[in-house]
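First up is the structure itself, then whatever we jot down about it.
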Number of protein chains: 2
Amino acid sequence: MGTATRNRILEEAARLFTEKGYEATSVQDLAEALGLSKAALYHHFRSKEEVLYEISLQALEGLLEEGKKASAVPEAREALLRFMEGHARFFEENRPFFVTMLQGLQSLSPEKQAPIIALRDRYEETLRALLRRGMESGVFRQLDVALTARAVLSLLNWMIRWFRPGGPLRAEEVARFYFHLLLRGLENGDS
Amino acid sequence: MGTATRNRILEEAARLFTEKGYEATSVQDLAEALGLSKAALYHHFRSKEEVLYEISLQALEGLLEEGKKASAVPEAREALLRFMEGHARFFEENRPFFVTMLQGLQSLSPEKQAPIIALRDRYEETLRALLRRGMESGVFRQLDVALTARAVLSLLNWMIRWFRPGGPLRAEEVARFYFHLLLRGLENGDS
DNA sequence: GTCTATATGGTGATAGAC
DNA sequence: GTCTATCACCATATAGAC
């Protein structure tokens with residue numbers, strides 16, 4: 001359980017890391033944005049890397065929670081829709097944390113990367129299980145599960161590169177569009 | 001027209017930027033990898049940013065060339081397949097340049113970002129025109145063109161985050177899988 | 001829990017010799 | 001076209017007072 005100051009630091013750090021990138025954000029920048037001294041920051045966190053690690057961890061734990069809820073839905077199509085909507089909603093509602101988690105992975109040392117990657121793998125496995133279930137029950141076509149899961153996550157995750165809040169669509173609506181595109185396909189059945 | 005040394009610098013820089021990130025790669029790192037002094041680098045490039053800019057420019061120019069070739073194919077389905085294959089092939093054959101271009105955009109100053117973004121927009125417009133053509137001719141379903149184009153590029157571009165050369169599949173094969181998934185859809189027609 | 005001051009080393013970039 | 005030496009600055013992180 002983090003103190004209030006600790007959380008304030010994480011929020012502001014996630015905002016700055018998202019905006020300028022982790023490497024391009026200095027501890028000085030962060031301290032100034034918070035109205036604190038650098039030394040005060042180092043009272044709450046051992047290092048800048050630990051701040052990144054904590055943000056990534058919280059983002060993935062929240063996302064995993066969403067994924068589990070969605071995959072509990074019995075019907076596979078509905079479960080996939082909920083999974084995709086949930087992912088998009090989590091992204092939009094926790095954009096700084098989510099983006100920092102996805103963009104910052106490369107900046108973590110191998111020791112700190114490992115637990116993050118393990119969580120990410122659990123999340124992806126949740127999606128693969130959902131797809132496998134749909135294929136076995138005949139709702140989905142029999143396709144390469146790993147590649148299909150990657151397709152779903154590619155669609156959703158690439159939103160960090162173009163989606164800006166305040167646009168015409170909510171992230172959840174984009175996810176729904178992708179879901180229908182993915183399910184029914186691009187090709188016109190008439191021709 | 002670049003000299004041989006200039007090109008050698010760009011190649012090595014793209015490799016390092018891809019591996020560690022642009023901000024985390026110092027001019028010192030680059031000089032050591034090339035067996036040159038920092039001062040020698042500054043004879044060939046005005047700044048580290050100019051190196052990033054040159055790499056991004058070359059990557060996008062090559063990609064745009066591929067895109068034009070694909071969209072010249074008359075039948076829309078075939079054109080889309082060629083577009084996606086061409087994108088994936090360009091990625092795999094020019095991975096350091098391609099990845100640096102996609103990841104480094106945020107690190108460029110607004111002045112240097114602008115021409116890069118303009119080229120990227122031209123490339124994306126090529127894809128949108130291709131999709132529009134397919135929808136008007138009745139080959140594709142009538143969908144939001146901008147969002148459909150984003151879906152295609154999301155699938156392809158997210159490969160920079162997971163695709164590693166030497167794996168079981170070539171990037172082009174992944175693109176073909178995505179193409180068929182996108183065209184026919186995930187849903188089983190039997191049910 | 002926050003501060004000022006500082007340690008230590010690396011950063012992008014340049015001067016000027018060869 | 002490359003080098004050695006150096007500039008001016010900023011990085012992460014810490015010591016010790018309050």
Side-chain angles (χ1 to χ4, degrees), chain A residues 1-57 100 103-113 116, chain B residues 1-57 100 103-113 116:
Chain A
M1 287 301 87
T3 67
T5 305
R6 213 180 136 89
N7 284 333
R8 220 166 57 82
I9 294 172
L10 290 175
E11 299 272 356
E12 188 61 38
R15 232 181 43 73
L16 287 173
F17 294 166
T18 296
E19 200 175 285
K20 322 197 318 169
Y22 170 76
E23 308 280 358
T25 303
S26 70
V27 176
Q28 179 71 56
D29 294 337
L30 180 53
E32 275 169 23
L34 287 160
L36 284 176
S37 68
K38 286 189 286 175
L41 291 186
Y42 280 99
H43 172 77
H44 293 277
F45 293 93
R46 252 193 272 280
S47 64
K48 181 183 160 188
E49 192 192 10
E50 197 182 85
V51 175
L52 172 60
Y53 176 74
E54 203 57 51
I55 290 168
S56 303
L57 206 62
T100 297
Q103 311 244 49
L105 190 61
Q106 202 183 17
S107 298
L108 287 171
S109 62
E111 301 82 53
K112 287 211 164 53
Q113 251 183 52
I116 301 294
Chain B
M1 291 294 86
T3 67
T5 304
R6 213 179 136 88
N7 284 333
R8 217 165 61 83
I9 294 171
L10 290 175
E11 299 272 355
E12 188 62 38
R15 233 181 43 73
L16 288 174
F17 293 166
T18 295
E19 201 175 285
K20 323 199 314 169
Y22 170 76
E23 308 280 358
T25 303
S26 70
V27 176
Q28 180 70 55
D29 294 337
L30 180 53
E32 275 169 23
L34 287 159
L36 284 175
S37 67
K38 284 193 287 176
L41 291 186
Y42 280 98
H43 173 78
H44 294 278
F45 293 92
R46 252 192 273 277
S47 65
K48 183 182 160 189
E49 192 192 12
E50 197 181 87
V51 175
L52 172 59
Y53 177 73
E54 203 57 50
I55 290 168
S56 304
L57 205 62
T100 297
Q103 311 243 51
L105 190 62
Q106 202 184 14
S107 299
L108 287 171
S109 62
E111 300 82 54
K112 286 211 164 53
Q113 251 184 53
I116 301 295

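Letters go in sequence order (proteins before strands), and every chain restarts at 1. Values in this document were obtained by computation on a predicted structure and should not be read as measured data.
Distance, A:L41 CG to D:dA11 C1': 14 Å, rounded to whole Å. Between the P atom of D:dC7 and the NZ atom of B:K38 lies a distance of 13 Å, rounded to the nearest Å. As a whole-Å value, the separation of A:F45 CZ from C:dG1 P is 12 Å. For the pair B:E23 CD and C:dG12 C1', the computed distance is 12 Å after rounding to whole Å. If you measure from atom CG of B:L36 to atom C1' of D:dG1, you get 10 Å, rounded to the nearest angstrom. One atom, CG of B:L34, and another, P of D:dG1, lie 15 Å apart when rounded to the nearest Å. Between A:E49 atom CD and D:dT12 atom C1' there is a gap of 12 Å when expressed in whole angstrom units. Summarising the geometry, the separation between CD on B:Q28 and C1' on C:dT11 is reported as 10 Å, rounded to the nearest angstrom.
Put simply, the side chain of B:E12 never gets that close to the backbone of B:A33: no donor and acceptor are under 3.5 Å apart.
Nearest-nucleotide positions on DNA chain D place A:A24 closer to the 5' end than the other of A:A39 and A:A24. Nearest-nucleotide mapping onto DNA chain D: of B:G35 and A:S47, the residue sitting toward the 5' end is B:G35.
When each of D:dA15, C:dG12, C:dT2 is scored by its nearest atom to the side-chain atoms of A:A40, the top-ranked nucleotide is C:dT2.
Contact annotation: B:S37 side-chain N/O to D:dT2 OP1/OP2 distance is not under 4.0 Å. Side-chain nitrogen and oxygen atoms of A:Y42 include at least one within less than 4.0 Å of the OP1 or OP2 phosphate oxygen of D:dA13.
Tested against A:T100 for a side chain to side chain contact (heavy atoms under 4.5 Å, CB included), the candidates A:L52, A:L105, A:L10 yield a single pass: A:L52.
Closest approach of A:T18 and B:Q106 over heavy atoms only: O-NE2, 3.1 Å.
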